[in-house]
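To start, the structure itself, in structure tokens.
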Amino acid sequence: MKWVRIPAGQVPAGEWHRAQPVATLWWSATPLAAAGLPLTGLPLAAAAALAAQLGGRIPTSAEWEWMAGGGRRRFPWGEAAPGSQHANLRGAGPGRTTPVHTHPAGRTPDGLWDVAGNVWEWTTAPWRRDRIALLRGGSYLSLPQYAACAHANDAPPDLRSPGIGIRIVRAAPPTQASPLPAQPSLP
């Protein structure tokens with residue numbers, strides 16, 4: 001697994017969180033993938049357990065928004081409206097997941113792939129008491145506006161979907177490559 005360092009910063013207040021500092025973090029360069037396709041179908045608890053097995057965790061919603069847009073970009077790649085060169089979204093893709101390295105024009109300036117489209121990504125919202133999780137980034141079935149860095153969608157944490165994947169984050173730099181376990185042990 002490749003990791004990308006995203007420097008600390010201040011994420012502006014948005015619909016889903018207050019303005020807050022975000023620490024320097026290491027992010028998986030793509031959503032977790034198996035055979036090149038995003039790993040999907042895990043409820044939040046199983047996704048969090050897998051992230052821990054790989055030495056990371058599920059990001060908070062505010063951390064994800066900072067990683068995606070740096071507090072200044074509308075979409076992960078910049079201001080241009082989403083097109084088929086940027087992301088796998090409804091009307092701009094085949095209607096199913098695609099390999100995680102399919103849309104180079106959609107990479108963030110830091111080099112993260114598939115931040116928008118292909119699969120939603122689980123995030124945590126520690127301030128929410130209703131046990132609803134937040135999904136970020138949109139999926140292959142999402143309208144283009146869902147690719148915006150500030151957009152989030154609520155979901156029950158036990159939801160399993162072929163349109164939801166995970167991207168993991170860690171506070172410390174990786175010491176070695178972290179391959180996806182052949183048989184991850186899931187709760």
Taking Ile164 as the starting point, is it possible to reach Leu50 by hopping between hydrophobic residues whose side chains are less than 4.5 Å apart? yes
Say whether, by atom type as modelled, one donor and one acceptor occur between the side chain of Thr24 and the main chain of Ala8 under 3.5 angstrom. yes
Considering the options Leu89, Thr98, Val115, which one meets the side-chain contact (heavy atoms from CB on, under 4.5 Å) requirement together with His103? Thr98
Linking I/L/V/M/F/W/Y whenever any side-chain heavy atoms sit under 4.5 Å apart, do Ile58 and Val169 land together? no
Where do Val119 and Pro162 come nearest, in terms of heavy atoms and distance? CG1-O, 4.2 Å
Ignoring hydrogens, what is the shortest heavy-atom contact between Val22 and Glu63? Give both atom names and the distance. CG1-CG, 4.0 Å
Can you tell me how far apart CE (Met1) and CH2 (Trp27) are? Round to the nearest 0.5 Å. 13.5 Å
Pro99 versus Leu37: any side-chain heavy-atom pair under 4.5 Å? yes
When every non-hydrogen atom of Ala147 is compared with those of Ala116, the smallest separation belongs to CB-CB, 3.6 Å
Donor-acceptor contact present, side-chain Arg96 to main-chain Pro94, <3.5 Å: no
How far apart are the closest heavy atoms of Ala125 and Leu134, and which atoms are they? CB-CD1, 4.0 Å
Check: Ser28 side chain, Arg167 main-chain N or O, donor-acceptor pair, under 3.5 Å: no
What orientation do Trp113 and His101 show, parallel under 30°, tilted 30 to 60°, or perpendicular over 60°? perpendicular
Should Met67 and Trp16 be regarded as members of a common hydrophobic cluster, given that ILVMFWY residues are connected when their side-chain heavy atoms come within less than 4.5 Å of each other, either directly or indirectly? no
Just say parallel, tilted or perpendicular for the rings of His86 and Trp77, cut-offs at 30° and 60°. parallel
Atom CG in Asn153, atom CZ in Arg136: separation rounded to 0.5 Å? 10.5 Å
Rounded to the nearest 0.5 Å, how far does CG of Leu159 lie from CG of Asp154? 11.5 Å
Measure across Leu135 and Trp122 and return the closest heavy-atom pair with its distance rounded to 0.1 Å. CD2-CE3, 3.5 Å
Run the numbers on Thr124 and Arg57 for side-chain contact (heavy atoms from CB on, under 4.5 Å), then give the verdict. CA-CA 10 Å; Thr124 62; Arg57 62 177 172 79; 5.9 Å; no
Mind checking the CG-OG spacing from Asp114 to Ser139? Nearest 0.5 Å is all I need. 11.5 Å
Could you state whether Tyr140 and Tyr146 fall into the same hydrophobic cluster, counting links through intermediate Ile, Leu, Val, Met, Phe, Trp or Tyr residues with side-chain heavy atoms under 4.5 angstrom apart? no
Smallest separation among heavy atoms of Pro174 and Trp3, with atom names: CG-CD1, 3.3 Å
To the nearest 0.5 Å, how far apart are CG in Asp158 and CG in Leu42? 13.0 Å
I'd like to check Thr108 versus Ile6 (side-chain heavy atoms, cut-off strictly below 4.5 Å). Are they in contact? no
Can a donor-acceptor pair be found, under 3.5 Å and without considering hydrogens, that links the side chain of Glu79 to the backbone of Arg74? yes
Say whether, by atom type as modelled, one donor and one acceptor occur between the side chain of Gln20 and the main chain of Arg18 under 3.5 angstrom. yes
Arg73, CZ atom: more than 12 neighbouring heavy atoms under 6.0 Å: yes
Gln10 side chain near Pro21 side chain, heavy-atom distance below 4.5 Å: yes
Pro31 vs Val100 side-chain heavy atoms within contact, under 4.5 Å: yes
Hphob cluster co-occupancy, Trp120 + Ile166, side-chain heavy atoms under 4.5 angstrom: yes
Got a second to check how far Phe75's CZ is from Cys149's SG, nearest 0.5 Å? 8.0 Å
